[in-house]
Structure formats: structure tokens, C-alpha cells
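Please see the structure below; I have some questions.
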Amino acid sequence: MQEYDYIQIASLQHYQYCPRQCALMYNEQIWADSYHTKAGDILHEKTHQERIRYEKGVRIETATTVVSHRYGLMGVCDTIEFHPDTILPIEYKVGKSKSIYEVDKVQLCAQVLCLEEMTGQSITQGAIYYNQEKSRSYIEIDEALRSLTVDVLTNVHKLLFNKELPVVEKSKKCALCSLVELCIPDLTNMAVADYWQTMASEVD
Ligand code: SF4
């Protein structure tokens with residue numbers, strides 16, 4: 001695989017939120033911060049300092065780069081605990097456990113796919129740490145989650161390889177999207193589609 005064939009694990013959550021958001025960020029290189037992205041950055045300032053420490057026989061790594069050549073995937077694990085009998089990746093999130101989103105599980109599972117390939121060990125569980133509650137929720141890495149994760153990463157590969165910029169329906173998500181002022185979803189729906197159709201018919 002070439003370097004450009006690899007996608008970022010973070011791109012999976014952007015794709016699940018909105019394929020257009022993912023394309024704007026990774027195909028068009030457009031980025032804007034919101035309250036939520038800034039809160040995440042502040043939280044990850046701690047976890048993204050590369051460190052290794054030992055506690056009660058467990059090796060704990062932070063900010064470890066992981067990669068899967070099979071899936072063309074790379075990213076950074078917030079924390080990985082290497083127990084004598086298992087490996088436990090832990091993803092840090094700003095919110096509360098009642099808001100466990102599928103996207104968070106997919107992100108965790110993508111880390112697991114990378115770690116399994118790198119270590120040759122199978123991993124059945126990961127964890128998400130919710131900063132507001134200061135607690136962990138354990139997530140089973142079952143076949144359904146693996147299958148969903150592979151579907152999502154396959155779609156992201158297609159989106160980025162084909163340099164697509166999909167037009168999507170405006171939804172409630174747009175109000176919380178950091179790119180709303182750059183995407184202008186009111187315009188990108190009918191108005192722009194109509195404009196290009198008109199332009200194309202004039203050229204014909
Ligand atoms: S503003 Fe809406 S359509 Fe545009 S990228 Fe964000 S979520 Fe997607």
C-alpha cells in the first residue's frame with residue numbers, strides 16, 4: 001500500500017456523522033473548530049503525550065500510533081493497557097456513558113483491528129472512558145461491531161479514493177456541525193444541484 005491509501009481512524013467517526021463532513025475534511029482539507037471539538041482537544045492534550053508506565057504488572061501506553069496494512073487504517077490510541085492475558089485499548093470521550101454512540105464503538109473497534117494485526121493477539125474487549133463521569137464503559141468487540149466497522153472503513157476508502165463530495169440532506173446534525181458555515185447546507189441541497197444542472201445543459 002502507498003501512504004495515500006491509508007485512512008485515519010478519526011475519519012470513520014466523521015463519515016458516520018455525515019459523509020459530506022468527512023469529504024470536506026479529508027478531500028477538501030477544510031477544518032473548523034466548535035465547542036465540542038475544542039473540548040475534545042483539551043481532553044486529548046493529556047492522553048496524547050506519548051508515555052509508557054507500569055502499574056501492578058500492567059504496561060500502560062498513551063498516544064500509541066497504530067496501523068493496519070490489511071485495512072489501510074492508521075491512528076493514535078489514547079491509552080492501551082497490556083495485561084498479562086489481554087490487551088485493552090481505552091478511548092477518552094468528553095461526554096457521559098448514557099451517550100455511548102455507535103461511532104465511538106466503531107472508533108474503538110478500528111483501533112482493535114490495528115492492534116490485533118500489530119500484535120497477533122485477538123482482542124475481545126475495549127473501553128471508553130467518559131471524562132464527565134470519570135468512569136469506564138467496557139465494550140464487547142463482537143462480530144456485528146467488526147462487520148459494521150469494516151463496512152464504514154470500506155465506504156471511507158471509496159469516498160476518499162474517488163475524491164467525492166456528496167450532497168446530503170440538511171438535518172438536525174447540521175446545527176451541531178463545526179463545518180456548518182463552510183458547508184452551507186441550505187445551498188448545497190437543491191440550489192447548487194440545480195445550478196450545476198443548468199450550467200451543464202447550457203454547455204451541452
Ligand atoms: S453542515 Fe450538515 S451537511 Fe454540511 S457537513 Fe455538517 S452535517 Fe454534513
Side-chain angles (χ1 to χ4, degrees), residues 3-45 47-48 71-76 78 91-111 113-114 128-132 137 139 144-201:
E3 197 179 327
Y4 53 77
D5 288 328
Y6 289 77
I7 56 171
Q8 295 291 325
I9 290 175
S11 68
L12 307 188
Q13 73 182 83
H14 296 300
Y15 181 87
Q16 283 178 289
Y17 190 80
C18 169
R20 183 173 173 82
Q21 186 195 67
C22 182
L24 285 168
M25 288 176 173
Y26 295 93
N27 280 341
E28 307 290 328
Q29 309 294 317
I30 291 173
W31 178 261
D33 276 315
S34 66
Y35 166 79
H36 296 285
T37 62
K38 271 296 173 201
D41 285 351
I42 291 165
L43 175 64
H44 285 103
E45 268 171 24
T47 58
H48 282 189
Y71 293 110
L73 199 57
M74 62 195 304
V76 176
D78 290 340
E91 175 66 18
Y92 282 66
K93 293 292 173 196
V94 177
K96 295 181 181 175
S97 57
K98 71 173 184 187
S99 62
I100 294 183
Y101 293 114
E102 203 171 61
V103 291
D104 296 339
K105 292 186 187 177
V106 165
Q107 197 179 2
L108 191 64
C109 184
Q111 294 174 9
L113 295 178
C114 292
I128 302 176
Y129 179 90
Y130 290 92
N131 199 43
Q132 274 187 35
S137 291
I139 307 293
L145 180 57
R146 287 173 186 271
S147 170
L148 172 64
T149 305
V150 171
D151 282 349
V152 174
L153 72 88
T154 302
N155 286 337
V156 174
H157 270 293
K158 279 187 201 152
L159 181 81
L160 302 194
F161 181 80
N162 294 325
K163 301 274 179 234
E164 293 168 11
L165 181 57
V167 173
V168 302
E169 288 290 320
K170 187 183 176 188
S171 72
K172 286 181 186 166
K173 292 178 183 177
C174 299
L176 296 173
C177 175
S178 63
L179 298 186
V180 65
E181 288 180 14
L182 300 163
C183 168
I184 320 177
D186 282 327
L187 274 182
T188 49
N189 284 297
M190 281 314 294
V192 170
D194 284 352
Y195 172 79
W196 284 114
Q197 216 160 18
T198 308
M199 292 295 284
S201 62

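As the structure lists them, so they are numbered: ligands from 1, and atoms in each ligand from 1.
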To the nearest 0.5 Å, tell me how far Tyr71 OH sits from His157 NE2.
10.5 Å
I'd like to check which ligand 1 atoms, numbered from 1 as shown, lie under 4.0 Å from a non-hydrogen atom of Val168.
3 (S)
Ring-face cation of Lys93 near Tyr129 (centre distance under 6.0 Å, axis angle within 45°):
no
Taking 2.8 Å as the cut-off, does Cys183 contribute an N, O or S atom near atom 4 (Fe) of ligand 1, distance below it?
yes
Just go through Cys18, Pro185, Ser178, Cys174 and tell me whose heavy atom is the nearest to atom 2 (Fe) of ligand 1.
Cys174
Drop me the distance from Asn27's CG to Glu164's CD, to the nearest 0.5 angstrom.
8.0 Å
Closest to atom 1 (S) of ligand 1 by heavy-atom distance, out of Ile30, Val180, Val167, is Val180
For Gln21, atoms of ligand 1 separated by under 4.0 Å from a heavy atom:
5 (S)
Rounded distance (nearest 0.5 Å) linking atom SG of Cys18 with atom CD of Gln13
13.0 Å
Output for pair (Cys177 SG, Lys170 NZ), nearest 0.5 Å, gives 12.0 Å
